[in-house]
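In each ligand, atom 1 is the first atom listed, and ligand 1 is the first ligand listed.
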Amino acid sequence: QVSFGPRVPGTDAHKQCADYLVSSLRSYCDTAFIQVGEMPSKNGSVAINNVIGSFNPEATKRVLLMAHWDTRPQADEDPSRPTEPADGANDGASGVGVLLETARQLQQQRPDEGVDILFFDAEDMGDRQGKPETWCLGSQYWAKNKHKENYVARFGILLDMVAPENPTFAIEGYSWQYAQPYVKKVWKAANDLGYGDIFVNNLGSSLIDDHVFINQIAGIPSLDIIHYDNSSSGFGEFWHTHDDNMESISKITLKAVGETVFKVVKEF
Ligand code: AHN
Ligand code: ZN
């Protein structure tokens, strides 16, 4: 994903990456396609390309696995070159990477129930000083236009920035508010696998992210696994800077998150 270049909506790299994601999901899942839409934004409107892959599409008992795949148009937390986009290895690629591998594993060890993998577009065009609705455009679109009529899932897991070295996955506030039983399930699975040092049992901040709209608009109880620490932004020193590149990626962290998600899905 990262080698396509920054996946900024409207660019060639973005288009090429969408094709790569849908063909990857098509090779692992029973069905995969791109949901195309449009959302209003501050500069008019943005085209939305949400990439969706499903296992057991007819099963009524379903779990939703989510990550955003777009890259922020500008690394605006970086004092140098703040108008150019970063590689987005952590922010954008990490959650998608974990879920691509989850899909590959699920092809080999088939789930009993339904699993949907959703890669949301245009999450990262928001304004920190602006309204929450400036973020998460792809998930807002999906929440209002689900890919199947009467679609329901028991719960959802969102992955965002799941590759820092020595991460802290505190319990995110909206996740606790809307999806408490599932937070307990996920954090217990992590603990059972020996990842209790990173899936810490502290209630952290409430963060605007795709799961907020999935909870509030789609009504699917959803939690966010997201790195949050004592750095100035809260999201780590790499966040929205040019340090968000492949060198900031920890395989150990990716493995911990992937194994945790896989265990929850298999036990569902
Ligand atoms: C806010 O800064 C309000 N939310 C962060 C959502 C985000 C941006 N996730 C990745 N990049
Ligand atoms: Zn971001």
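By the criterion of a heavy-atom distance under 4.0 Å, neither the backbone nor the side chain of Arg72 is placed next to ligand 1.
Glu237 and Ser231 share no donor-acceptor pair across their side chains, judged by distance under 3.5 Å alone. With hydrogens and angles left out, the side-chain atoms of Asn50 and His147 include no donor and acceptor closer than 3.5 Å.
Distances from the Zn ion (ligand 2) to the N/O/S atoms of Asp124 are shortest for OD2.
The protein heavy atom nearest to atom 9 (N) of ligand 1 is Asp160 OD2, 2.8 Å. When hydrogens are left out, the protein atom nearest atom 4 (N) of ligand 1 is Ile208 O, 3.0 Å; that is the closest non-hydrogen contact. Looking only at heavy atoms of the protein, atom 2 (O) of ligand 1 is closest to Arg128 NE, 3.4 Å. Nearest protein heavy-atom contact of atom 7 (C) of ligand 1 is Glu123 OE2, 2.9 Å.
Counting heavy-atom neighbours within 6.0 Å of Asp12 CG, excluding the residue itself, gives a total of 12 or less. The number of heavy-atom neighbours closer than 6.0 Å to NZ of Lys266, taken from other residues, nucleotides and ligands shown, is above 12.
Rounded to 10°, the angle formed at the Zn ion (ligand 2) by OD2 of Asp91 and NE2 of His240 is 100°.
Contact annotation: His240 has at least one heavy atom less than 4.0 Å from an atom of ligand 1.
Considering only heavy atoms from C-beta on, Asp116 stays 4.5 Å or farther from Val63 through its side chain.
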